[in-house]
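Just so it is clear, the model here is predicted, and its values are computed rather than measured. Just so we're on the same page: letters track the sequence lines, and every chain starts at 1.
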Amino acid sequence: MSVRVRYAPSPTGSPHVGNIRTALYNHLFAKRHGGVNILRLEDTDRARFVLGCEEEIEESMRYVGIEWQEGVGATAEGGGRFGPYRQSERNEAGIYEPHWRKLLDDGSAYWAFDTPEELKEMREFQELNKQSTGYYGGQWRDATEAQAEVARVAGKPGVVRLKVPRGEKIVVEDAIRGRIEYESDVVDDPVLIKADGMPTYHFAAMVDDHLMEVSHIFRGEEWISSAPKHVVLFKALGWAPPVMVHLPVIKGKDGSKLSKRHGDTACLDFRRAGFMGEALANFIALIGWAPGGDREVMSLDEMAEAFDLKGLQPSSGVFDFDKLVWMSGMHVRRTDPRVLLQKVVEYARRPETEHYWSSRVPAPGEVDPHVRLRGLRLLAESAKPQEPSSHDSPAGPTVGVGQASMPRFTEDYALEAVKLEQERTSSLAEFGEKCEFFFVDAVEFDPKAVENWLHEPHVAPLFEWIADQIGNRGWESHQVAAADWEALLREAQAVLNLDKLGPVVHPVRVALTGSTAGPGLFELMAVLGPVRVKTRLAATQGY
RNA sequence: GGCCCGGUGGUCUAGCGGUUAGGACGCCUCCCUUUCAAGGAGGAAAUCGCGGGUUCGAGUCCCGUCCGGGCUACCA
């Protein structure tokens, strides 16, 4: 049997991470078995339809790296040979009607004309008598065609309901949990066709799954209690049901269902926050799925190769943001620096990035979003293609003729900066504040760092000596390797008669970066270049 | 209320009748080191929700119970 799966969201809002995880599993499973992944839109509820969210669905999927070969947005002609793939269009095309007509004809379904008031009354009565609530027939389940005709002629709006057999056992086979049995007497008769002529999820989704030859249904756990209805429906239609896979929910840190309260929950929120799609995919895939062994950090391809229904979890999981950050860092480190720079620049240039951070109130201990944005902007700016230069030095070509003129920022310079920060950065956004000092004219100092390292008496003569040496050695006209910087600073240590390298390294670092933390000093100096080093050293006078 | 699903350290999980209950995040200590990370080595942290059984032996099987979640719409 060939694997055909579908992600079938309803366009009622931007997909959150739980939805996207379902979509991701579809993709992984399809890829694992060389099958087909379908994107189908369940837009049968006109009241809840949200304009523009179809794009958000596709964006979300592309962001985390989900591929689909068929359906809405697929490259195939018309989306594929089972189109259309929007249920509203399918209904218009008359795809569902013959099937519910057939159910009506053979007595598997019936017309019901209850008013909302009548239904409400029924429910209240049931609750009062501690019965299970639901529609178990009322006066319409066994009404004659003549009675139905009377109601129809009277202009009463009617719905088509499935006639769930009574006194039977309904067995649902769930791929994760196994066999689940239901007394058919507690399964109420679901509406198949609404009064407005639209099919409900129960009907449209199942008919489509069959027509589209779907082999496995991946969907949220909240569907599990509707599953018996679907089993009955398939049987009534004379079709074999697909394998059902009910996925556990993703909860927030406090154990409740993930919601706005928990911060970012929409998939695209994480793109705005600067997480690479693959990292998010890796992280959410592992809530509810264990690849076996001790594997955790995986690419999409690796996950697809390892994906197996057996690793799926029946219990719900908590979204642990800290672990996402860790996972994200692991992916940052795995990424080729050139690709990484490209991603950072792309991120920096996306308008939503600016919106996201500028409207954000920083949590205690969180970096100032404005510093982050400034760094991102500078990074993107420098990575702009410049007029061609003959030499591709990391320090970049110099502007003007004077010896001490400031080298311009180039893409290569940005690349070197990203390379140096790569292993200590855990998201695209973080490159903002991490790389900022590479690009600014005047470094912003951390008061504490200044206090600790710039007030030592040896600092002024140290900086002076280094500046002199840069001049004396004629370093300003070319780039200087990290090893040469190291040699210079070690010499400074000897000249100033310091017993450790620390008192040399730390003040210089503060002068150059404004901070006590960061990449290796010598490497960093090699990237900044002699001119900038000298300038920054001089700028600390007065501190 | 009714029906259904779930329950291994704070979190994600391995386990599938016999293990000192393993790994990962987070936390702590140490090493590496010019700082911060990363990396390496350790540590604290789970009587496997609880109570009964079955068994020589149970996280693993059975029953009960508690807690959490879902559904109970002409929403999906």
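- Checking the phosphate oxygens (OP1, OP2) of B:C74, a side-chain nitrogen or oxygen of A:R161 falls inside 4.0 Å.
- Among residues two or more places apart in sequence or in another chain, the ring pair (Phe, Tyr, Trp, His ring centres under 6.0 Å) test is passed with A:F445 by A:Y543.
- In this structure, A:R152 forms a cation-pi arrangement with A:W111, its terminal cationic atom sitting closer than 6.0 Å to the ring centre and no more than 45° off the ring axis.
- Taking the nucleotide of RNA chain B with the nearest heavy atom to each of A:S132 and A:V159, the more 5' of the two is matched to A:S132.
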Measure all distances between protein nitrogen or oxygen atoms and nitrogen or oxygen atoms of nucleotides 43-45 of chain B, and list the pairs falling under 3.5 Å.
none

What are the atom names and distances for every N/O pair under 3.5 Å that joins the protein to nucleotides 58-67 of chain B?
none

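- Remark: A:W326 engages no residue in a ring pair (Phe, Tyr, Trp, His ring centres under 6.0 Å) (not counting sequence neighbours).
- Among the heavy atoms of the strands lying under 4.0 Å from A:T44 are primed sugar atoms or P, OP1, OP2 only; no base atom is included.
- Taking every heavy atom of both residues into account, A:L488 and A:W465 meet most closely at O-CZ3, 3.5 Å.
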Below 3.5 Å between N/O atoms, which protein atoms pair up with nucleotides 46-48 of chain B? Just atom names and distances, please.
none

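- Within a 6.0 Å radius of CD in A:E121, no more than 12 heavy atoms belonging to other residues, nucleotides or ligands are found.
- B:U60 sits 12 Å from B:G51 when the P atoms are compared, rounded to a whole Å.
- Nucleotide B:U34 forms a pair with no other nucleotide shown, judged by Watson-Crick or G-U wobble geometry with both contacts under 3.5 Å.
- The P atoms of B:C67 and B:C61 are separated by 23 Å, rounded to the nearest whole Å.
- When the C1' atom is compared between B:C62 and B:G23, the two are found 31 Å apart, to the nearest whole Å.
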What does the list of N/O pairs under 3.5 Å between the protein and nucleotides 30-40 of chain B look like, with a distance for each?
| unit_1 | atom_1 | unit_2 | atom_2 | d |
| --- | --- | --- | --- | --- |
| B:U34 | O2' | A:H506 | NE2 | 3.3 |
| B:U34 | O2 | A:R509 | NH2 | 2.9 |
| B:U34 | N3 | A:L521 | N | 3.4 |
| B:U35 | O2' | A:T516 | O | 2.7 |
| B:U35 | O2 | A:T516 | O | 3.1 |
| B:U35 | O2 | A:G518 | N | 2.9 |
| B:U35 | O2 | A:G518 | O | 3.2 |
| B:U35 | N3 | A:R509 | NH2 | 3.1 |
| B:U35 | N3 | A:G518 | O | 2.6 |
| B:U35 | O4 | A:G520 | N | 3.3 |
| B:C36 | O2 | A:R424 | NH1 | 2.6 |
| B:C36 | O2 | A:G518 | O | 3.4 |
| B:C36 | N3 | A:R424 | NH1 | 2.5 |
| B:A37 | O2' | A:E423 | O | 3.1 |
| B:A37 | N1 | A:E423 | OE2 | 2.9 |
| B:A37 | N3 | A:E423 | OE2 | 2.9 |

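- One finds a salt bridge joining A:E302 and A:R334 here, because a Lys/Arg side-chain nitrogen approaches an Asp/Glu carboxylate oxygen to under 4.0 Å.
- Between A:I180 and A:D188, the residue whose closest nucleotide on RNA chain B is further toward the 5' end is A:I180.
- Contact annotation for A:D174: no contact, since no heavy-atom pair falls under 4.0 Å across all strands.
- Using bins of under 30°, 30° to 60° and over 60° for the plane-to-plane angle, the ring pair A:F270/A:F319 lands in the tilted bin.
- The residues A:K120 and A:E118 are annotated as not salt-bridged, no charged nitrogen and carboxylate oxygen being separated by less than 4.0 angstrom.
- Pairing partner, B:C27: B:G43, with both Watson-Crick or wobble hydrogen-bond distances short of 3.5 Å.
- Proximity note for A:E221 (side chain, C-beta onward) versus B:C25, B:G6, B:C5: the nearest is B:C5.
- Applying the 4.0 Å criterion to OP1 and OP2 of B:C4, one finds that A:R177 has every side-chain N and O outside that range.
- You'll find that the side chain of A:R48 is closest to B:A76, out of B:G6, B:A76, B:C74.
- Contacts of A:E127 with the nucleic acid, taken as non-hydrogen atoms under 4.0 Å apart, are absent.
- Taking atom C1' in both B:U20 and B:U54, the straight-line distance is 27 Å, to the nearest Å.
- A salt bridge links A:E416 and A:K419; the closest N-O separation between the charged side-chain nitrogens and carboxylate oxygens is under 4.0 Å.
- A:K194 has a side-chain polar atom (N or O) that falls below the 4.0 Å cut-off from OP1 or OP2 of B:C75.
- The existence of a salt bridge linking A:E127 and A:K130 is excluded, since no basic side-chain nitrogen approaches an acidic carboxylate oxygen closer than 4.0 Å.
- Atom P of B:U19 sits at a distance of 33 Å from the matching atom of B:C27, rounded to the whole Å.
- For A:W68 and A:Y7, the distance between ring centers is not under 6.0 angstrom.
- In this structure, A:A290 reaches the sugar-phosphate backbone alone: every heavy-atom distance under 4.0 Å involves primed, P, OP1 or OP2 atoms, never a base.
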Result block: side-chain N/O donor-acceptor pairs under 3.5 angstrom for residues 169-180 of chain A, not counting sequence neighbours:
| unit_1 | atom_1 | unit_2 | atom_2 | d |
| --- | --- | --- | --- | --- |
| A:K169 | NZ | A:E183 | OE2 | 3.1 |
| A:D174 | OD1 | A:H246 | N | 3.0 |
| A:D174 | OD1 | A:H246 | ND1 | 2.8 |
| A:D174 | OD2 | A:I176 | N | 2.9 |
| A:D174 | OD2 | A:R177 | N | 2.6 |
| A:D174 | OD2 | A:R177 | NE | 3.3 |
| A:R177 | NH1 | A:E221 | OE2 | 3.3 |
| A:R177 | NH1 | A:P314 | O | 3.2 |
| A:R177 | NH2 | A:H246 | O | 2.2 |
| A:R179 | NE | A:E181 | OE2 | 3.1 |
| A:R179 | NH2 | A:E181 | OE2 | 3.1 |

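- At whole-Å resolution of the value, CZ in A:F203 and C1' in B:C75 are 18 Å apart.
- Residues forming a ring pair (Phe, Tyr, Trp, His ring centres under 6.0 Å) with A:Y201 (at least two apart in sequence, or on another chain): A:W223, A:H230.
- Between A:D189 and A:K163 there is no salt bridge, since none of the side-chain N atoms of the basic residue sits less than 4.0 Å from a carboxylate O of the acidic one.
- Taking the P atoms as reference points, B:A46 lies 13 Å from B:A21, given to the whole Å.
- The residues A:E423 and A:R333 are annotated as not salt-bridged, no charged nitrogen and carboxylate oxygen being separated by less than 4.0 angstrom.
- Here A:T133 lies in heavy-atom contact (under 4.0 Å) with a base.
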Could you go through nucleotides 10-12 of chain B and list every protein N or O atom that sits under 3.5 Å from one of its N or O atoms, giving the distance for each pair?
| unit_1 | atom_1 | unit_2 | atom_2 | d |
| --- | --- | --- | --- | --- |
| B:C12 | OP1 | A:V318 | N | 3.1 |
| B:C12 | O2' | A:L286 | O | 2.8 |

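- Partners of A:Y25 by ring pair (Phe, Tyr, Trp, His ring centres under 6.0 Å), not counting sequence neighbours, listed by chain and number: A:F307.
- In this structure A:D264 satisfies the side-chain hydrogen bond (donor to acceptor under 3.5 Å, both in side chains) test together with A:Y356, sequence neighbours excluded.
- Separating the P atom of B:G40 from that of B:C25 is a span of 9 Å, rounded to the nearest Å.
- The side chain of A:T200 places no N or O atom within less than 4.0 Å of a non-bridging phosphate oxygen (OP1 or OP2) of B:A73.
- If you check B:G23, B:A73, B:G70 against the side chain of A:R123, the one that comes closest is B:A73.
- Taking a pair to require two hydrogen-bonding distances under 3.5 Å in either a Watson-Crick or a G-U wobble arrangement, B:C3 pairs with B:G70.
- Applying the Watson-Crick and G-U wobble criteria (two distances, each under 3.5 Å), B:G18 pairs with B:C56.
- Evaluation of the salt bridge (charged side-chain N to carboxylate O under 4.0 Å, His left out) rule for A:E366 yields A:R360 as partners, not counting sequence neighbours.
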